[in-house]
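Every chain is numbered from 1, with letters handed out A, B, ... down the list of sequences. Just so it is clear, the values below take in all heavy atoms, side chains as well, and ignore hydrogens, waters and symmetry mates.
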Protein chains: 2
Amino acid sequence: MKKKKNKEAAAFHGVKIIPIGGLGQIGMNMTAFEYEDTIMVVDCGMAFPDDDMLGIDCVIPDITYLVQNADRVKGIVITHGHEDHIGALPYVLKELNVPVYATKLTMGLIEYKLEEHGLTNIVRRKTIKHGQSVNLGCFRVEFIKTTHSIQDSAAFAIFTPVGTIVHTGDFKVDYTPVFGDPIDLQRFAEIGKKGVLALLADSTNAQKPGYTMSESTVGHTFDTIFADNTKSRIIVATFASNVDRVQQIINSAKKFKRKVAIEGRSMVNVVKCAESLGYITIPKTMQIDIAEIKNYPPEKVVIITTGSQGEAMAALSRMAAAVHKKVQIVPGDVVILSSSPIPGNEKSVSKVINELSVLGARVLYQDTHVSGHASAEELKLMYALTRPKFAIPVHGEYRHLMSHAEIARSMGVDKENVFILKCGDVIELTADEARITGSVPSGGIFVDGLGVGDVGNVVLRDRQVLSENGLIAVMITINRITGELIAGPEILTRGFVYVKEADSLMDEAYDVVSDVIDEIAKRRISDRTKMKGMIRDALSDFVWKKTKRNPMILPVIMEGED
Amino acid sequence: MKKKKNKEAAAFHGVKIIPIGGLGQIGMNMTAFEYEDTIMVVDCGMAFPDDDMLGIDCVIPDITYLVQNADRVKGIVITHGHEDHIGALPYVLKELNVPVYATKLTMGLIEYKLEEHGLTNIVRRKTIKHGQSVNLGCFRVEFIKTTHSIQDSAAFAIFTPVGTIVHTGDFKVDYTPVFGDPIDLQRFAEIGKKGVLALLADSTNAQKPGYTMSESTVGHTFDTIFADNTKSRIIVATFASNVDRVQQIINSAKKFKRKVAIEGRSMVNVVKCAESLGYITIPKTMQIDIAEIKNYPPEKVVIITTGSQGEAMAALSRMAAAVHKKVQIVPGDVVILSSSPIPGNEKSVSKVINELSVLGARVLYQDTHVSGHASAEELKLMYALTRPKFAIPVHGEYRHLMSHAEIARSMGVDKENVFILKCGDVIELTADEARITGSVPSGGIFVDGLGVGDVGNVVLRDRQVLSENGLIAVMITINRITGELIAGPEILTRGFVYVKEADSLMDEAYDVVSDVIDEIAKRRISDRTKMKGMIRDALSDFVWKKTKRNPMILPVIMEGED
C-alpha cells in the first residue's frame with residue numbers, strides 16, 4: 001500500500017509553487033515557481049521585526065533552497081516597489097546573483113537599494129512594460145497592469161507547461177486611479193477565458209466586506225481640508241511610497257496656491273525617483289526646500305513628510321517631540337495623518353498625535369486614507385474573471401488567508417482545490433491535480449546591523465531576560481593551581497535596580513556569594529561549571545526572594561597567573 | 001506691579017483640585033480635592049507599562065504631596081472597581097493609611113487586593129450606597145448611580161465651601177443596563193439646577209460622535225451567535241471585570257441549555273466576588289468546573305475566559321498556543337472575543353486570533369463589544385444637566401481632553417473656563433473664579449516585582465541598551481600594588497551574536513583589549529576609571545566598525561590579593 005503511494009508520487013510531475021515568505025504574517029513576500037530545470041521567483045520582500053525581536057532591524061526570507069539550486073534560478077520578477085516586496089533584494093542578490101525584472105518605477109526604487117549596498121554594477125536588471133513578457137526557462141511571465149497604493153504595480157500571468165498561473169501581487173480594483181490606467185481587467189478576463197490553472201491572490205483585506213474606495217477619493221478630502229484651513233500651515237504625513245497620495249497633496253496645494261516642501265529621507269528619495277521617471281508632477285515654482293519655509297507665511301506652505309506610523313526617528317515624530325531642526329510646530333498648525341496605523345504601531349501613532357496636540361496643532365487622522373488592497377467583492381471579481389481551477393491565497397495573516405479561502409469556495413472553486421499553505425510548503429500542480437509534495441527550509445533570517453543571520457533564538461532570549469530585569473555579574477579570580485581566591489568576589493549590576501537601592505541588597509548578595517565560595521573551598525570543588533552553577537543558584541534564589549525579579553546572573557571565574 | 005499680583009494671589013482662596021494621575025494618558029486615575037485642613041482623594045488607579053518601560057509590572061501615581069500632607073488627608077472615595085481606578089490602592093495605603101469608601105461590588109474587588117497584600121486588618125473601609133453621602137472634613141461627597149462597563153459605578157457630587165463639584169468617574173448613559181438601575185440622570189439634573197461650580201467628566205470617547213450603545217445590545221448578538229452555532233463548543237473571552245457581559249453570556253448559555261465553565265484566575269475571582277454579592281446569577285446546575293468539560297458534549301458547553309487582550313499568560317493565549325492543560329482547541333470550536341483591543345494590544349490580539357484559526361477554530365471578534373464610556377452626545381447631555389461654570393476634562397489622552405474641551409465650549413461653558421490640566425497642576429476654584437496656582441510632584445512610579453520606585457530612568461535606559469544589542473563584559477585582574485596583570489582579559493558576551501559567529505570576532509576583540517592593556521602598562525596609567533574608559537572606547541569602536549551594533553560594554557577591573 002505504502003509502496004504504491006510512493007510510486008504514484010514519483011509519477012506525479014507538475015509545476016511546483018513554493019511560498020518562501022508572505023504567508024501567515026504580513027511582509028517578506030517571496031514565492032518560487034519551479035519546473036524541471038527552471039526556478040523563477042516572484043518578489044523578494046523584507047518584514048519589520050515583531051516586538052519580541054529585540055534589536056533586530058529587519059527580517060528577510062530564508063533562501064537556503066534557492067541557494068542550493070542556484071544553477072536553476074533564472075531570475076526574480078517584482079510586482080511592485082513596496083519594502084515587503086523588494087526590501088530583501090540586496091541581501092538575497094548578494095547570495096544569488098540573478099537578473100531582476102520590474103516595471104519602471106519599481107526598478108527606480110530598486111536602484112536606490114542596490115546603490116546603498118554597492119550592487120549597482122553587479123546586478124543584471126531589465127525594465128518591463130505592462131503587457132510585455134519575460135521568458136525565464138520554460139516559463140513565460142506576462143506583466144499585467146494593476147492598481148495599488150503605489151504606482152506601476154503588476155500582476156503576473158505565468159505560462160507554464162502545465163497551465164497558466166495568475167499571481168495578482170498586492171492589488172485593488174481602482175477604476176479612477178490618480179495617475180495612469182486602471183487595472184487591466186480585460187486582460188485578466190482574456191487569460192481567464194483561455195483557462196487559468198491557479199490563482200494566487202492578495203488576502204490582506206479579504207475580511208473586509210464590499211469594495212475598497214478609489215485612491216482619488218482622498219483627493220476630494222484633501223481639497224475640503226485645505227478649503228477649511230486657509231489660515232493655517234498644513235503638514236501632511238503619509239507613506240513615502242504612496243506616490244499617488246503625494247501627487248494629490250501637491251494637487252490640492254496647487255489649487256490653494258501653497259508652496260510644497262518635502263521632508264524625511266525616504267520621502268525625499270521616493271519623490272525624487274518618481275519625479276525623474278515622470279510618475280509625479282510638481283510645478284517647478286511650487287517646490288521649496290524645507291529650510292525655506294521660514295520665508296513664507298504659514299498659510300502659504302504645505303509640508304509633506306514621513307512619520308505617519310509614529311516611527312521614532314521619522315520627521316513627524318521629531319516635529320512632535322519638538323526636536324526637528326527646521327520645523328517647529330506652533331498653535332494653529334494643521335497636521336494630517338494620511339494613513340492608518342499598521343498593526344503594532346497604534347500606540348506610537350497615538351503618542352505622536354498627543355504630542356502634536358500638546359504643541360497646539362490640530363491633528364486630523366480620519367477619512368484621509370484608503371487601503372491599497374482589494375476587499376471581498378474585488379476578490380470575487382478577480383475570481384469571476386479568471387475562474388481558476390485551484391486557489392492559493394497569499395499575502396496576509398492566517399485569518400486573512402482563511403477568509404480568502406471562503407471567498408474562493410463561494411466563487412465556485414472546489415473545496416479540495418483551495419490550499420492554505422505554510423511558508424516552505426511545496427505544492428505541485430498538474431493540469432488536473434494539486435498535491436502538497438514536500439517542504440523546503442523557510443522562515444525569517446534576522447538582520448541586525450551588518451549581521452545577517454548571526455542573531456538567533458538564544459541571543460533573543462538573552463536580550464529578553466536582560467530587557468526585563470537586567471543583569472548581575474559576579475566575578476572571582478582564583479589561583480590556577482591551588483584554586484585559592486586571589487580577587488573578588490566583585491558584584492556588578494546593570495538594568496536591575498537603582499544603585500542607591502541596590503547598595504544594601506548588594507551587601508547581602510556579597511555575603512551570599514562569599515558563603516558559596518567558602519563552601520566551594522571546604523568541599524574542594526574544582527569544576528568550573530559546577531562552581532558557576534552554585535554561585536548562580538544561590539544568588540538567583542536570594543534575589544528572587546528579596547525582589548521577585550529574575551535578572552540574568554553571570555558568574556565569571558578567572559584564573560590568576562601568579 | 002509684581003507685588004500687587006502676589007498680594008492678590010495671597011488673597012485668592014478656593015478649593016484646590018489636583019489631578020495626580022489620569023490626564024494625558026490612560027490609567028492611573030487619581031484626583032485630590034483640598035480646602036484648608038481637608039484633603040480628599042477620588043480614585044487610586046494604576047497604569048499598565050508602556051512598551052519602553054522594560055520589565056515594569058505596573059505604574060502607580062507619585063503621592064509625595066499626599067504623604068507630605070498626610071495629617072490632612074481624610075479619605076479616598078472610589079468611583080468603580082477597574083484597575084485604573086483601584087489598582088494602586090494597596091501600594092498607596094501602605095504609605096498613607098486612610099479610610100476607603102466605595103459601593104458594594106467595588107469594595108468587594110478592593111477586598112481581594114487588600115487580602116493579597118496582607119492589608120485586610122489594617123485598612124479602614126466603608127461601603128456606601130448610591131444616594132448616600134460621606135463627610136470628609138469640610139467636604140460632603142454624595143455617591144450618584146452611573147452606568148459603565150462594570151456594575152456599581154458611581155459619580156460624585158462634592159459639596160464644598162465654594163460650591164458643588166461633580167466628578168463623573170468613568171460613565172456612559174445606559175438606559176437599559178443588564179443589571180440594576182440606569183444612570184441617575186434626575187439627580188444630576190437636580191444638582192445642576194441648584195448650581196454646579198465645576199464638572200470633571202470622562203473624556204475617553206469624547207472623539208466619538210453620537211451615542212455609545214447599551215450593554216444589553218451585546219446580549220442580542222450573543223443570542224444570535226449561539227443560535228447559529230448549536231453544534232459547536234463556544235468559548236467567549238472578555239474582561240473579567242465586565243460582570244454584565246459575563247451575565248449576558250450566562251443568559252445566552254441558559255437559553256441554549258449549555259453548561260458554563262469559568263476559566264482564568266481574574267475571571268474566577270471576579271465572578272466569585274460578584275456572585276457572592278448578588279451582582280451575577282448563575283443557576284447552580286449550570287456551572288461546571290473547567291476540569292469537567294470533557295464530561296459533556298462540546299455543543300453543551302460554554303467556556304468564559306480571560307485573555308481577550310491577547311495577554312501572554314492569560315487562559316485564552318494558552319489555549320491558542322496549545323499549552324492550556326484543560327482546554328484543547330479543536331476544529332469546529334467557535335471563539336468569541338468580546339472586547340476591542342486596548343491601544344498597544346492589537347498585535348497580541350492578532351496573534352491569538354491567528355493561532356486559534358490555525359487550530360481550526362472559527363474566531364468572531366466583531367460586533368460583540370460596546371464601550372463603557374460616554375460618546376460626544378452623552379457628554380453633551382451631562383453638560384446640559386449639570387450646566388457647570390467650569391469644565392475640567394479628565395480621564396483620557398491629551399487628544400481626548402482636547403475634544404472634550406471643544407464639547408464643553410459648544411455647550412456654553414466660557415472658553416476661559418475650560419481647563420486642560422497636566423498631572424500635578426493645582427487649580428484653585430472660588431465661586432467666581434478659577435486659576436492654576438501651583439503644582440505638586442506627579443508622574444508615575446514603577447513597580448517591578450516587590451520593588452516600588454527602585455527602577456528609574458537610568459535602569460530603564462540600561463535595559464533598553466541591553467535589549468537591543470546585548471552586552472560584552474571584559475574582565476581583568478591586576479595586582480593591587482604593582483598594577484601587574486594577574487588574570488585575564490576574559491571576554492564574555494550575552495545577547496550579542498551567536499557564539500559560533502562571535503568566535504573569530506572575539507579573538508580579534510581579545511587582541512584589541514590586550515593592546516589597550518599594554519598601552520595602560522606602558523603609560524603607567526593607574527586610575528581605574530580611566531582604564532575602564534580606554535577599554536570601553538577601544539572595544540566599542542571595534543565592535544561598531546565590525547558589526548554596526550552598540551552592545552553595552554562592561555569593563556571590570558579586579559584587584560588581586562597576592
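At least one donor-acceptor pair under 3.5 Å links the side chain of A:Asn354 to the backbone N or O of B:Tyr398. One N or O on the side chain of A:Ser317 and one on the backbone of A:Glu311 form a donor-acceptor pair closer than 3.5 Å.
Counting heavy atoms from C-beta outward, A:Arg528 and A:Ile478 have side chains that approach closer than 4.5 Å. Residues B:Val543 and B:Phe496 have side chains in contact (heavy-atom distance under 4.5 Å, counting atoms from C-beta outward). Within the 4.5 Å cutoff, the side chain of B:Met506 has heavy atoms near those of the B:Ile472 side chain. Counting only heavy atoms from C-beta outward, the side chains of A:Pro489 and A:Ser514 approach each other to under 4.5 Å.
Each of B:Met475, B:Glu355, B:Glu490 has some count of heavy-atom pairs under 4.5 Å with chain A, and the biggest count is that of B:Met475. Interface summary for chain B: among A:Ser350, A:Gly344, A:Pro343, A:Gly470, the most heavy-atom pairs under 4.5 angstrom belong to A:Ser350. Ranked by heavy-atom pairs under 4.5 Å with chain A, the first of B:Gln464, B:Glu484, B:Met552 is B:Met552. For the set A:Lys347, A:Lys548, A:Glu346, A:Arg399, the count of heavy-atom pairs under 4.5 angstrom toward chain B peaks at A:Arg399. With chain A as partner, the option from B:Val363, B:Thr477, B:Asn550 having the largest number of non-hydrogen pairs under 4.5 angstrom is B:Thr477. Contact tally against chain B (heavy-atom pairs below 4.5 Å) for A:Val349, A:Leu460, A:Asn469: the top residue is A:Asn469. Between chain B and the options A:Lys422, A:Glu468, A:Met402, A:Arg461, heavy-atom pairs under 4.5 Å are most frequent for A:Glu468.
With a 4.5 Å cut-off on non-hydrogen atoms, B:Pro551 does not touch chain A at all. With a 4.5 Å cut-off on non-hydrogen atoms, B:Arg494 touches chain A through its backbone and its side chain both. In this structure, no portion of A:Lys351 lies under 4.5 Å from any heavy atom of chain B. Using a 4.5 Å cut-off between heavy atoms, A:Ile420 does not touch chain B at all. Using a 4.5 Å cut-off between heavy atoms, B:Ile56 does not touch chain A at all. Contacts between A:Val556 and chain B at a heavy-atom distance below 4.5 Å involve the side chain alone, from C-beta outward. Heavy atoms of B:Thr547 lying under 4.5 Å from chain A belong exclusively to its backbone. Interface remark: A:Tyr365 contributes side-chain atoms only to the contact with chain B (heavy atom separation under 4.5 Å). Using a 4.5 Å cut-off between heavy atoms, B:Gln207 touches chain A through its side chain atoms alone.
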| So A:Val352 and A:Ser348, side chain to side chain contact (heavy atoms under 4.5 Å, CB included) or not? Walk me through it. | CA-CA 6 Å; A:Val352 167; A:Ser348 349; 5.8 Å; no
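Listed here is the closest heavy atom pair of A:Val418 and A:Ala405: CG1-CB, 3.6 Å. Shown here for B:Arg536 and B:Pro555, the closest heavy-atom pair between the two residues is NH2-CD, 3.7 Å.
A salt bridge links B:Asp448 with B:Arg463; the closest basic N to acidic carboxylate O contact falls under 4.0 Å.
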